[in-house]
Amino acid sequence: MSAQTFENPIDQHHYDTITERLGIRRLEVEAAERAGQEPPPVEEPPAADEPAESLRDLAVEEAALKLLSERVAAAQKDVKKRTQDALDRAAKRDGVERVVAELPDGQQVATISLRKGETGPVVVDEDAFARWVRATFPDQEWTETRIVRTVKPWKAAEFLAEMDAAKVAQLADKTTGEVHDVPGVMIKPTRARTHAITWRKEGRDAVAEAWRTGTLTRHMAALMAPPEKGDAA
């Protein structure tokens, strides 16, 4: 029987290699049988080398993903602010503190919940605060002088904790019982109101599928918009 031939030289090479290995294997088996020995184990052919990735393909993939990540970051910052503003208005108007995220087909994928901010004492005038501590407690080494007088950090933290507990910028002298208004300190927001996303079971997979099929195109307009003139890299 004549050997098979192929038009493609790569296919022909593979065929010839396999045929040669089969012939060698047959001779090895026959030799082992004549010697009364077990035939040698079959050697697995080496794995074919993976085709090298194109540098041009890698370059354009990285460039595209960088652009997409920049647009996602900007769009996320924008929608987070708009969501926070809407949640704040809804909480003030109706007491609403959470909203369910639904896909266009009605599937619930996540819950967005309002996280209230916090207020507490904040030193707004370090010099005034330090001068007051020095004048009020002259026998205590609770301040230190550099270019300007400052309150030692550990004592400032202690004072602020007391004012935080009382929710007022006042301190009571533990010796005399006198209550002092503390200059340089205000009760003000220390953490802004924000919100958090809690995913429902399979919510991420559902959103990914909606993205893949184009169901969320209307919601992703910021990612698909043409670049503005003068956009920098």
Side-chain angles (χ1 to χ4, degrees), residues 50 53-126 153-154 156-169 185-233:
E50 293 292 333
E53 292 185 282
S54 164
L55 182 57
R56 291 181 181 275
D57 288 344
L58 289 172
V60 73
E61 180 178 349
E62 182 173 348
L65 289 174
K66 184 176 188 300
L67 174 61
L68 183 59
S69 68
E70 291 170 352
R71 289 199 170 195
V72 167
Q76 185 178 27
K77 182 179 179 181
D78 176 66
V79 75
K80 188 172 184 178
K81 181 182 183 304
R82 289 187 285 120
T83 301
Q84 186 65 48
D85 292 343
L87 278 171
D88 288 341
R89 290 194 300 269
K92 184 177 181 180
R93 183 181 64 246
D94 305 317
V96 174
E97 294 189 353
R98 62 174 53 86
V99 62
V100 174
E102 295 183 355
L103 294 177
D105 63 2
Q107 181 178 358
Q108 297 182 352
V109 294
T111 301
I112 297 181
S113 306
L114 182 66
R115 287 184 176 176
K116 296 180 180 179
E118 295 179 356
T119 59
V122 178
V123 176
V124 294
D125 188 333
E126 180 72 32
W154 67 270
E158 185 178 301
F159 279 149
L160 293 176
E162 291 181 32
M163 288 183 275
D164 190 25
K167 298 302 179 187
V168 63
V185 177
M186 291 179 58
I187 302 297
K188 59 184 297 186
T190 57
R191 189 178 73 181
R193 289 161 64 95
T194 184
H195 59 273
I197 297 178
T198 303
W199 288 99
R200 299 287 181 91
K201 184 179 180 181
E202 300 179 355
R204 286 183 170 89
D205 292 340
V207 171
E209 179 64 13
W211 166 273
R212 187 185 70 80
T213 58
T215 306
L216 296 179
T217 299
R218 179 173 63 87
H219 302 274
M220 302 297 173
L223 304 184
M224 307 303 177
E228 296 181 1
K229 293 183 177 179
D231 276 357

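None of the values given here were measured: they were computed from a predicted structure.
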As an exercise, state the distance from [atom1] of [X] to [atom2] of [Y], rounded to the nearest 0.5 Å.
{"X": "Asp88", "Y": "Arg93", "atom1": "CG", "atom2": "CZ", "value": "11.5 Å"}
{"X": "Glu209", "Y": "Glu202", "atom1": "CD", "atom2": "CD", "value": "12.0 Å"}
{"X": "Gln84", "Y": "Arg89", "atom1": "CD", "atom2": "CZ", "value": "10.5 Å"}
{"X": "Ser54", "Y": "Glu61", "atom1": "OG", "atom2": "CD", "value": "11.0 Å"}

Looking at side-chain heavy atoms only, is the closest gap between [X] and [Y] below 4.5 Å?
{"X": "Ile112", "Y": "Leu87", "result": "yes"}
{"X": "Thr194", "Y": "Lys80", "result": "yes"}
{"X": "Arg115", "Y": "His195", "result": "no"}
{"X": "Asp78", "Y": "Arg82", "result": "yes"}
{"X": "Thr198", "Y": "Arg98", "result": "no"}
{"X": "Val79", "Y": "His219", "result": "no"}

**Request:** Give the intermediate values and the outcome of side chain to side chain contact (heavy atoms under 4.5 Å, CB included) for residues Leu114 and Val96.
**Result:** CA-CA 9 Å; Leu114 182 66; Val96 174; over 6 Å; no
**Prompt:** Under a 4.0 Å N-O cut-off, is there an ion pair linking Lys66 with Glu62?
**Reply:**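 Judged by the 4.0 Å cut-off on N to carboxylate O distance, Lys66 and Glu62 do not form a salt bridge.
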**Request:** Answer yes when Lys81 and Asp85 have at least one side-chain N-carboxylate O distance shorter than 4.0 Å, and no when they do not.
**Result:**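 Salt bridge: yes.
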Using every non-hydrogen atom in the two residues, find where [X] and [Y] come nearest and quote the distance to one decimal.
{"X": "Met163", "Y": "Ala169", "value": "SD-CA, 3.8 Å"}
{"X": "Leu103", "Y": "Ala210", "value": "CD2-CB, 4.1 Å"}
{"X": "Trp199", "Y": "Val109", "value": "CE3-O, 3.4 Å"}

**Message:** Before you tell me yes or no, could you show the steps for Phe159 and Val185 under side chain to side chain contact (heavy atoms under 4.5 Å, CB included), namely the whole-Å CA-CA distance, both residues' side-chain angles and the distance that decides it to 0.1 Å?
**Reply:** CA-CA 10 Å; Phe159 279 149; Val185 177; over 6 Å; no
